[in-house]
Amino acid sequence: MNNLLNSINAYPPYLEPLNPEQREAVVHTGNPLLILAGAGSGKTRVITTKIAYLIREKGVDPRSILAVTFTNKAAQEMAERARLIDDRAAYTMIRTFHSFGAWFLRRNSAFAGLGSGFMIYDDNDTISLLSHIMENIPKIDIKHFARCIARAKDYFLTPEDPQLSIIDYRKEFRGVYAGYEERLCQIGNVDFGDLIKKPVEILRTHPEVARRFRDRFRVVLVDEYQDTNIAQFELLKELCGPETYLCVVGDDDQSIYRFRGAEVRNILEFSDKFPGTDVIRLERNYRSIPPILKAASSVVSHNQRRLGKTLVAERGPGKKPVLAFLLNQDEEAAFCGEIIESSVRYAKRKKAAYSDWAVLYRTNAQSLGFETEFLRRNIPYRVVGSLKFYEREEVKDALALLALLMNPRDELAFRRVVNKPSRGIGAAAVGRILTEAADPKEEEGNLLTAAQQLAPSLSAKARSGIEAFLKALASGAETLADSPSQPRQREKPRKTAQENRSQEQLNAGEGLSVCVVALIQNAGIDEYHLSHDEIAGNQRINNLQELANAASLYPATPAGLEEFLEHIALDRSLEDTNRLNMDRVTLITLHNTKGLEFRRVIMTGIEQGIFPRFDSKGEELEEERRLFYVGATRAMDELYLCSTAARRVYGKSQTMQPSLFLYELDKTDFQIIGAPAYGYIPQKSGTLNLDHTQGSGSKRGDWEIGDRLFHEEQGYGSVINIQNSENGPVLKVHFDSGKEMRFLAFHQNSYITRIHHEL
DNA sequence: TAGTTTTAAGTTTTT
DNA sequence: CTTAAAACTA
């Protein structure tokens, strides 16, 4: 007993606030460790504390620790919090999977047949490359192939792999994939999937490289493990030798990236794949008040395929969540604005801050309504993710020029800007330049030298056009000082003088912005857009200025340019650090909320067809439930669920049905506002009666005519007849769509859910 | 051939 | 309602 007490007292003070399971997870060493951590159970705290513990108590070199997360935001937060416990954690490598892959590839590019200055193509680049390879193919098919290629790489499948038919059974896919890979290799760039796949291939074919990296990283920590895909699993296997300490953290109920190739099996079968694994469960929730946790668990408990766990709420009682039925999406936005405004401006006690609030939605398109409403009410907000800034034409043009500087073989970038503004270089000339560059005698695909060599044989107009273009590029190149292996210093963001001002001319500030501005001006991108459209042109100049400002944080060297472009490829959040800490409401997709928490959360658009989506059934429907679980468990103190009766789709008003998920909640846990009938005008609260759902298979035989039900394929309907058979009752159902069908009420694979509601 | 106007099509979710 | 592709004119 004394020994036990002594050992507990011997814990360093920073372990004191941890509960026994958390502490066990932190001090664990040796075998592989799987931490099954429910939402809000303090897993980030465990990982960050573990990093500090390993450095302090176990004498582990911080440089030999690798921590992988899923989003850049999570990586930043983890780094910050680890550093707060111990400064030396600053030397630990904390990155996203993709960012780590890029880092690895830059250092080992030669093994993959790449130059070190490769660029990272995004999904749009993949699509346009494919459309150049296959002409006259409808865009919808191109997109399909692009998606399949990305998926194939998620599953670590090459074009030769016999299992490729899992992705797409069509026989031409193999050829398309192979052709794409060949062209991408000629260009010398990589796509997102390559950032994981290529490192695995290098590690497998070059044992000496694998040895070096296993030597370097003695500890590997993985967050959000339930969302890793096959390729990422393979990467982990290659990075971890027998000496490596591997610790993964995850929650099968929060797996929401199956569409991206995530394999829940990775977490379900972790113990089999890494023999001797120890498992620690963190099931105490410190984040949410009990009724919020109950609501979230209630929905996700309808899933069949889950490990199952019981999250215990550690917090005391709190306010009932609110279930609000609104007439349409405008009312929904107004409702959000109303409750936020009153909590911040008019609350007598417990005044909230804007930043306490988050508005969650299923699709990015839904953010628009809230933005206009908030603008009108002067509610400050920020929209997380889907920043279309880098999608803008003028920004893409500028980036193409930069990309060409990095990699003169970049065919896509070349095509984009060579004749913009019009320089008399038509399709014919571009074609000749491309074939010239493809000539193996020439400097391996360099489009710029090819253009230069070909220029004399072209028309006078094309010749001078090419000369002007090359000169513009050269002016950008001149601004880059050779960087003699300086340590990469990323300057801290400062306030720039030219903030928020409409400029007639672009200002070159410092660092890399000099290069960006030189390119834009000498290539005439600014003039092109100004002369093109006077009104939009000014906004476009502002955007280009913003791009230049972002570039000013990087040194004007080739390495700085590389870093800038990589940052843009991997992290599109253009968050101005000055505004980061401003008091604002967060508008965010459900997917993007993973790992975040807010005091007050509004989940919006909880309607059939939107959340869950119309076509989701089976495993997809279960993933939508997990998404609901993730969203609801972000809330600490207050949770609001909104469902509308009508919504504008493509400009036309459409009636909506309440989400199936609402029927999976216990209505007595909620304060209800309005009612879910079409045309019902919400006036008083509490008219809705939502009984707790009986899933299929329960309470055999007490179906009645008139019962409402939901079928995963057919939607909502009513029972119009019941017959008995030896396998139980057979229901004849009249669906709202007009269809009538018969179902065995308790078939094993039945997708029927009974719902009760009275108005 | 470049730049415009007309018509059709389309919304998951992300590194 | 917005955006992309197709069709059309100068």
Side-chain angles (χ1 to χ4, degrees), chain A residues 68-75 95-102 120-128 131 136-140 142-143 147 150-151 153-154 190-197 224 227-229 231-232 255-262 329 360-369 372 384-388 390-393 419-430 461-462 528 531-533 566-573 588-595 605 609-616 620 623-624 626-628 630-631 647-654:
Chain A
V68 221
T69 64
F70 245 77
T71 63
N72 295 290
K73 197 174 299 184
R95 284 174 181 259
T96 64
F97 261 110
H98 288 88
S99 156
F100 172 75
I120 302 163
Y121 274 174
D122 64 16
D123 294 354
N124 289 323
D125 296 326
T126 296
I127 289 169
S128 58
S131 56
N136 298 325
I137 304 280
K139 189 156 186 183
I140 184 92
I142 300 273
K143 278 185 175 167
R147 187 175 295 203
R151 184 61 66 87
K153 291 187 178 184
D154 287 341
V190 300
D191 60 20
F192 278 127
D194 288 335
L195 293 178
I196 311 295
K197 186 164 164 276
E224 308 284 7
D227 280 322
T228 51
N229 59 35
Q232 287 160 338
S255 168
I256 54 175
Y257 282 100
R258 213 174 74 105
F259 69 93
R260 207 173 80 184
Q329 58 188 357
L360 277 48
Y361 37 80
R362 179 69 232 286
T363 65
N364 282 302
Q366 286 166 260
S367 76
L368 231 89
T372 44
V384 175
S386 128
L387 208 51
K388 298 203 186 90
Y390 293 107
E391 305 278 307
R392 290 174 191 279
E393 188 188 351
N419 198 31
K420 193 172 190 179
S422 176
R423 298 187 179 90
I425 306 163
V430 172
K461 211 166 110 192
Y528 172 85
S531 66
H532 220 246
D533 185 341
E566 180 167 313
H567 181 84
I568 290 170
L570 298 179
D571 182 4
R572 309 219 130 178
S573 65
I588 191 169
T589 61
L590 286 156
H591 279 89
N592 257 323
T593 60
K594 198 158 71 156
I610 290 191
F611 188 33
R613 282 187 60 76
F614 267 129
D615 47 6
S616 48
E620 280 171 328
E623 180 144 320
E624 300 267 331
R626 294 193 288 266
L627 198 51
F628 184 97
V630 168
R647 187 171 284 276
R648 270 191 308 280
V649 186
Y650 307 141
K652 287 216 169 70
S653 187
Q654 212 177 56

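In what follows, chains carry the letters A, B, and so on, assigned in the order in which the sequence lines appear, proteins first and then strands, with residues in each chain numbered from 1. We use all heavy atoms of the structure for the numbers below, so side chains are in, but hydrogens, waters and symmetry mates are not.
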Asker: A:Tyr257 stacking on B:dT13: centroids under 5.5 Å, ring planes under 30°?
Answerer: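 No; centroid distance or tilt outside limits.
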
Asker: Using side-chain heavy atoms (C-beta onward) and a distance below 4.5 Å, is A:Val630 in contact with A:Leu590?
Answerer: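 No, side chains not in contact.
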
Asker: Between A:Glu391 and A:Arg572, does any NZ, NE, NH1 or NH2 come within less than 4.0 Å of an OD or OE carboxylate oxygen?
Answerer: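 A salt bridge links A:Arg572 with A:Glu391.
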
Asker: Nearest whole Å is fine: how far is B:dT15 P from A:His567 NE2?
Answerer: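 Taking NE2 of A:His567 and P of B:dT15, I get 12 Å after rounding.
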
Asker: A:Ile256 CD1 to B:dT14 C1': how many Å, rounded?
Answerer: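 Whole-Å distance recorded here is 10 Å.
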
Asker: Rounded to whole Å, please give me the gap between NZ in A:Lys594 and P in B:dT13.
Answerer: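 About 16 Å, once rounded to whole Å.
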
Asker: Could you check A:Leu627 against A:Tyr528 and say which one's nearest nucleotide on DNA chain B is further toward the 5' end?
Answerer: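 Comparing both residues, the 5'-ward one is A:Tyr528.
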
Asker: Can you tell me the distance, in whole Å, between the CZ atom of A:Arg423 and the C1' atom of B:dA2?
Answerer: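 For the pair A:Arg423 CZ and B:dA2 C1', the rounded distance is 16 Å.
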
Asker: In whole angstrom, what separates A:Ile610's CD1 from B:dT12's P?
Answerer: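 From A:Ile610 CD1 to B:dT12 P: 12 Å.
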
Asker: Side chain of A:Thr589 only, heavy atoms from C-beta on: which candidate in B:dT13, B:dT15, B:dT11 is closest?
Answerer: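 Nearest to the side-chain atoms of A:Thr589, counting from C-beta on, is B:dT13.
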
Asker: Name the residue closer to the 5' end of DNA chain B, choosing between A:Gly424 and A:Thr71 according to the nucleotide with the nearest heavy atom.
Answerer: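 Whichever sits nearer the 5' end wins; that is A:Gly424.
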
Asker: Under a 3.5 Å cut-off for both contacts, is B:dT5 paired Watson-Crick or G-U wobble with anything, and if yes, with which nucleotide?
Answerer: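 Per the H-bond distance test, C:dA6.
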
Asker: Look at the side chain of A:Phe192 and decide which nucleotide, out of B:dT13, B:dT11, B:dT15, has an atom nearest to it.
Answerer: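 Closest nucleotide to the A:Phe192 side chain: B:dT15.
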
Asker: Just checking A:Asn72: base, sugar-phosphate only, or nothing, at a heavy-atom cut-off of under 4.0 Å?
Answerer: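 The residue A:Asn72 makes no contact with any strand.
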
Asker: Nearest to the side chain of A:Ser422, heavy atoms from C-beta on, is which of B:dT12, B:dG3, B:dT15?
Answerer: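 Given the options B:dT12, B:dG3, B:dT15, the side chain of A:Ser422 is closest to B:dG3.
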
Asker: Of the listed nucleotides (B:dT13, B:dT15, B:dT11), which one gets closest to any side-chain atom of A:Arg260?
Answerer: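 Shortest atom-to-atom distance from the side chain points to B:dT15.
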
Asker: Going by heavy atoms in the side chains, are A:Ile196 and A:His98 under 4.5 Å from each other?
Answerer: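 The answer is yes, as the side chains (C-beta and beyond) meet within the 4.5 Å cut-off.
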
Asker: Are any non-hydrogen side-chain atoms of A:Phe97 and A:Leu195 less than 4.5 angstrom apart?
Answerer: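 No. Closest side-chain heavy atoms not under 4.5 Å.
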
Asker: Do A:Val190 and A:Tyr121 have side-chain heavy atoms sitting under 4.5 Å apart?
Answerer: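 Side-chain contact under 4.5 Å: no.
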
Asker: Identify which nucleotide among B:dT11, B:dT14, B:dT13 has an atom closest to any side-chain atom of A:Arg362, counting heavy atoms from C-beta outward.
Answerer: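 Between B:dT11, B:dT14, B:dT13, the one nearest the side chain of A:Arg362 would be B:dT13.
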
Asker: Tell me: CG of A:Asp122 to C1' of B:dT15, nearest whole Å?
Answerer: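 Distance, rounded to whole Å: 11 Å.
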
Asker: Aromatic rings A:Tyr257 and A:Phe70: how do their planes relate, parallel, tilted or perpendicular, breaks at 30° and 60°?
Answerer: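 Parallel: the ring planes of A:Tyr257 and A:Phe70 meet at under 30°.
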
Asker: Considering only heavy atoms from C-beta outward, does the side chain of A:His591 approach that of A:Leu627 to under 4.5 Å?
Answerer: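 With C-beta onward as the side chain, the pair touches.
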
Asker: Would you say A:Asn364 places a side-chain N or O within less than 4.0 Å of OP1 or OP2 belonging to B:dT12?
Answerer: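 No, A:Asn364 has no side-chain N/O under 4.0 Å of OP1/OP2 on B:dT12.
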
Asker: Scan A:Phe70 against the nucleic acid and name what it touches under 4.0 Å (heavy atoms): base, sugar-phosphate only, or nothing.
Answerer: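 Answer is sugar-phosphate: A:Phe70 comes under 4.0 Å of backbone atoms only.
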
Asker: Identify which nucleotide among B:dT11, B:dT15, B:dT13 has an atom closest to any side-chain atom of A:Arg613, counting heavy atoms from C-beta outward.
Answerer: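 When the side chain of A:Arg613 is considered, B:dT11 is the closest of B:dT11, B:dT15, B:dT13.
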
Asker: Are A:Asp154 and A:Arg260 within salt-bridge range, i.e. N to O under 4.0 Å?
Answerer: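 No, this pair does not count.
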
Asker: Under a 3.5 Å cut-off for both contacts, is B:dT12 paired Watson-Crick or G-U wobble with anything, and if yes, with which nucleotide?
Answerer: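 Base-paired to nothing in any strand shown.
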
Asker: If we take the C1' atom in both C:dA6 and B:dT11, what is their distance in whole Å?
Answerer: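 Comparing C1' positions in C:dA6 and B:dT11 gives a spacing of 22 Å.
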
Asker: Are any of the side-chain heavy atoms of A:Glu624 and A:Arg362 separated by less than 4.5 Å?
Answerer: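 The answer is yes, as the side chains (C-beta and beyond) meet within the 4.5 Å cut-off.
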
Asker: Using whole Å, what does the distance between atom P of nucleotide B:dT15 and atom CZ of A:Arg572 come to?
Answerer: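 That distance rounds to 10 Å.
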
Asker: P atom, C:dA5 versus B:dT12: distance in rounded Å?
Answerer: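 It comes out at 16 Å once rounded to the nearest Å.
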
Asker: Distance check needed: B:dT15 P versus A:Asn229 CG, whole Å only.
Answerer: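 Rounded to the whole Å, the gap is 14 Å.
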
Asker: B:dT1 phosphate, OP1 or OP2: any side-chain N/O from A:Asn419 under 4.0 angstrom?
Answerer: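 Answer is no, no contact under 4.0 Å.
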
Asker: Shoot me the first and last contacting nucleotide of DNA chain C against chain A, ordered 5' to 3', at under 4.0 angstrom to non-hydrogen atoms.
Answerer: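 Using the under 4.0 Å cut-off, the span is C:dC1 to C:dA5.
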
